[in-house]
Trainee: 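Below are the structure tokens for one structure; questions will follow.
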Amino acid sequence: MKILIIGGAGYIGSHVARAFLDHGYEVTVFDNLQTGFRENLFEDARFVHGDIMHPEQLRAVMAGGYDGCVHLAALKAAGQSMLHPDAYAESNISGAINILNQASAAGISPIIFSSSAAVYGSPQYLPIDESHPKEPENFYGFTKLEVERLLDWYDRLKGMRYAAIRYFNAAGYDVQGRIKGLELNPENLLPIVMEVAVGIREKLSVFGDDYPTRDGSGIRDYVHVSDLAEAHVTAFEYVVKHDKSLVINLGSQTGVSVLEMVERARAITGMPIPAEIRGRRAGDPAELVASSSKALELLGWVPKYSDVDTLVSTTWKMYEKHVSR
Ligand code: UD1
């Protein structure tokens, strides 16, 4: 089977490409390398340098004929999306429309789409299941929800099947160390903690210790990126087998607080990781935890690497070589 992975050189995309390769698929990665890395490309996958903003480049790659497409090419910083909605609208919504139209013309289905827990907004109950109200509180979440709606219409009108996969907090790195690219200027907690551990940053700012949580810091559902990647393969196979689209959450169903994460990182890295309590970050809910029972029930998906220690230790393996920088 042939799979096209758009955005396959990025952090999540490279893990997804690796998972499809490990399952014996013939993989083509399409990426503009803006935030993706050449070092994330695998010898056993084909690479096409191209941009989703150029429909003719999509048309050219899709002419190769594929049994499906994974779309992970997007901007993803929720905070930035509130400052630059135009850039997010263009990349995340117009870019997705280009992909859908070209895939539809080339007869490529299903599309496996990287969505986000950000589509839900502040939790009205926990854990968050797929039918939780969708009221995104940042523009990034809005773009993901818009694309899900487009997918649903293309399914109804054109018979194009899809899986929309709503990630909670992706973290960790391939346990076998096969992914080489480190994200630059990370905005997420664990990579920032690691940059403090190796001295790239002086200290961690803990955004709030007065939330109504067990230790006052924010609680999130961290899920290992290899567990996410594996679910893309299973979701693709599910949609093909049942000829039916799918919307699922992927999380570990376990909440970890910022302070708990820092504590485990100190223990595992042996580094002091100075942290300072700062004010809350705008738009951050106190707690986000997924219900992943639908993924378990339909896909038999059980996270293998999403415990805190594996998340921290696989990330540390990527960063420890930078200690002397
Ligand atoms: C957000 C999005 C998520 C998206 C992800 C990708 C929302 C609700 N969530 O996750 O959908 O996939 O970004 O980037 O929009 N923290 C600190 N100090 C820091 C950094 C983070 O204390 O320097 C805290 C945050 O306040 C939060 C937790 O760590 O409680 C996780 O933050 P982060 O890694 O930025 O992810 P989210 O904002 O949860």
Side-chain angles (χ1 to χ4, degrees), residues 7 10-13 35 72 74-83 85 88 91-92 113-124 126 128 132-145 147-148 164-172 183-197 200-225 228 249-252 254-265 273-290 308 311-312 315:
Y11 166 58
I12 299 179
T35 50
L72 309 107
L75 300 177
K76 63 161 191 169
Q80 289 294 316
S81 74
M82 301 297 274
L83 303 172
Y88 277 72
S91 267
N92 294 13
F113 174 62
S114 263
S115 188
S116 168
V119 300
Y120 296 115
S122 274
Q124 297 182 16
L126 291 168
I128 299 175
H132 183 286
K134 264 72 76 192
E135 289 166 16
E137 285 180 6
N138 51 59
F139 191 74
Y140 163 74
F142 167 78
T143 65
K144 292 289 173 183
L145 189 55
V147 176
E148 286 195 13
I165 304 188
R166 296 178 182 152
Y167 313 146
F168 280 66
N169 290 60
E183 284 192 290
L184 304 170
N185 307 313
E187 305 227 13
N188 294 112
L189 178 65
L190 198 46
I192 291 175
V193 166
M194 292 298 154
E195 288 201 351
V196 178
I200 297 173
R201 294 183 197 225
E202 214 178 296
K203 59 187 164 200
L204 171 75
S205 299
V206 175
F207 297 140
D209 69 345
D210 56 353
Y211 283 107
T213 58
R214 52 185 175 262
D215 60 18
S217 67
I219 291 183
R220 293 291 181 274
D221 182 329
Y222 297 90
V223 54
H224 194 284
V225 63
L228 288 184
N249 282 345
L250 290 183
S252 64
T254 311
V256 178
S257 78
V258 174
L259 296 176
E260 288 163 355
M261 188 66 94
V262 175
E263 220 25 73
R264 286 314 298 154
I273 314 184
E276 177 183 67
I277 308 293
R278 299 278 291 273
R280 294 182 180 190
R281 185 172 66 176
D284 270 357
E287 181 166 355
L288 283 177
V289 179
V308 183
L311 293 171
V312 173
T315 312

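Both counts, for ligands and for their atoms, begin at 1 and track the order of listing.
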Trainee: Considering only the protein, which heavy-atom contact is closest to atom 4 (C) of ligand 1, and what is its distance?
Mentor: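 Scanning the protein heavy atoms, the shortest distance from atom 4 (C) of ligand 1 goes to Y140 CE2, 3.8 Å.
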Trainee: Taking 4.0 angstrom as the limit and counting only heavy atoms of E187, give me the atoms of ligand 1 inside it, by number and element.
Mentor: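 Counting atoms of ligand 1 from 1, those under 4.0 Å from E187 are 35 (O).
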Trainee: Could you check which of N169, N138, L259 puts a non-hydrogen atom nearest to atom 36 (O) of ligand 1?
Mentor: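 Of the listed residues, N169 has the closest heavy atom.
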Trainee: Looking at atom 25 (C) of ligand 1, what's its closest protein heavy atom, distance included?
Mentor: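 The protein heavy atom lying closest is D284 OD2, 3.4 Å.
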Trainee: What I want to know is whether Y167 and ligand 1 share at least one N or O pair that is separated by under 3.5 angstrom.
Mentor: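 No, Y167 has no N/O under 3.5 Å of an N/O on ligand 1.
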Trainee: Regarding K134 and E148, does a basic nitrogen lie under 4.0 Å from an acidic carboxylate oxygen?
Mentor: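 Not counted as a salt bridge, because no side-chain N and carboxylate O are separated by less than 4.0 Å.
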Trainee: So, is the end of the R220 side chain (NZ or CZ) under 6.0 Å from the ring centre of F168 and within 45° of the ring's axis?
Mentor: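 No; the conditions do not both hold, so R220 does not lie above the ring face of F168.
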Trainee: What's the shortest heavy-atom distance between G218 and Y211, and which atoms?
Mentor: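 Closest approach of G218 to Y211, heavy atoms only: N-CD1, 3.9 Å.
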Trainee: Measure the spacing between CG of L145 and OH of Y140 and express it to the nearest 0.5 Å.
Mentor: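 Here the rounded value is 12.0 Å.
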Trainee: Got a donor-acceptor contact below 3.5 angstrom from the N188 side chain to the L190 backbone?
Mentor: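 Checking the backbone N and O of L190 against the side chain of N188, no donor-acceptor pair under 3.5 Å is found.
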Trainee: Do E260 and R214 sit within salt-bridge range, that is, some charged N less than 4.0 Å from a carboxylate O?
Mentor: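 Yes, E260 and R214 are salt-bridged.
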Trainee: Which pair of heavy atoms, one from S217 and one from S257, lies closest together, and at what distance?
Mentor: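 The pair with the smallest heavy-atom distance is OG-CB, 3.4 Å.
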Trainee: Return the closest protein heavy atom for atom 22 (O) of ligand 1 as residue, atom name and distance.
Mentor: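 Answer for atom 22 (O) of ligand 1: F207 N, 2.9 Å.
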Trainee: Heavy-atom contacts with V206 under 4.0 Å: which atoms of ligand 1 show up? List them by number with element.
Mentor: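 That gives atoms 22 (O) of ligand 1.
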Trainee: List the closest protein heavy-atom neighbour of atom 9 (N) of ligand 1: residue, atom name, distance to the nearest 0.1 Å.
Mentor: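 Nearest neighbour among protein heavy atoms for atom 9 (N) of ligand 1, to 0.1 Å: A118 CB, 4.4 Å.
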Trainee: Would you say the side chain of Q124 lies within less than 4.5 Å of the side chain of E135, judging by non-hydrogen atoms?
Mentor: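 They are in side-chain contact.
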Trainee: Among all protein heavy atoms, pick out the one at the shortest distance from atom 13 (O) of ligand 1; state its residue, atom name and that distance to 0.1 Å.
Mentor: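 Of every protein heavy atom, N188 ND2, 3.8 Å lies nearest to atom 13 (O) of ligand 1.
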Trainee: Can you name the atoms of ligand 1, numbered from 1 with element, that are less than 4.0 Å from a heavy atom of S116?
Mentor: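 Contacts of ligand 1 toward S116, numbered from 1: 3 (C), 11 (O), 12 (O).
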Trainee: For the residue pair L288 and P123, establish whether any side-chain heavy-atom pair is separated by less than 4.5 Å.
Mentor: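 They are in side-chain contact.
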Trainee: To which protein heavy atom is atom 35 (O) of ligand 1 closest, and what is the distance rounded to 0.1 Å?
Mentor: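 For atom 35 (O) of ligand 1, the nearest protein heavy atom comes out as R281 NH2, 2.9 Å.
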Trainee: Which atoms of ligand 1 sit under 4.0 Å from any heavy atom of K76?
Mentor: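 With K76 as reference, the close atoms of ligand 1 come out as 6 (C), 14 (O).
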Trainee: Given the rule in the side-chain hydrogen bond (donor to acceptor under 3.5 Å, both in side chains) test, do S122 and E137 qualify, once you have shown the distances and angles that lead to the verdict?
Mentor: CA-CA 7 Å; S122 274; E137 285 180 6; 3.2 Å; yes
Trainee: Tell me if a side-chain donor or acceptor on N92 pairs with a main-chain N or O of T143 at a distance below 3.5 Å.
Mentor: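 Not a single qualifying donor-acceptor pair exists.
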Trainee: Rounded to the nearest 0.5 Å, how far apart are CE of M261 and CG of L204?
Mentor: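 Answer for the CE-CG pair, M261 versus L204, is 11.0 Å.
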Trainee: Flag L189 as yes when one of its N or O atoms lies below 3.5 Å from any N or O atom of ligand 1, and as no otherwise.
Mentor: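 N/O-N/O distance below 3.5 Å exists for this pair.
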Trainee: Could you tell me which atoms of ligand 1, counted from 1 in the order shown, lie closer than 4.0 angstrom to a heavy atom of S205?
Mentor: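 Here the atoms of ligand 1 in question are 17 (C), 18 (N), 19 (C), 22 (O), 23 (O).
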Trainee: Which residue and atom name correspond to the protein heavy atom nearest atom 39 (O) of ligand 1, and how close is it?
Mentor: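 Here the closest protein heavy atom is R220 NE, 2.7 Å.
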Trainee: Y222 near ligand 1, heavy-atom distance under 4.0 Å?
Mentor: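 Contact check Y222 vs ligand 1: positive.
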Trainee: In this structure, does ligand 1 have an atom that sits under 4.0 Å from one of the heavy atoms of Y120?
Mentor: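 Under 4.0 Å: no for Y120.
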Trainee: Looking only at protein heavy atoms, which one is nearest to atom 8 (C) of ligand 1, and how far off is it?
Mentor: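 Result for atom 8 (C) of ligand 1: L288 CD1, 3.9 Å.
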Trainee: At a 4.0 Å threshold, what atoms of ligand 1 neighbour a non-hydrogen atom of A78?
Mentor: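 By the 4.0 Å cutoff, the relevant atoms are 15 (O).
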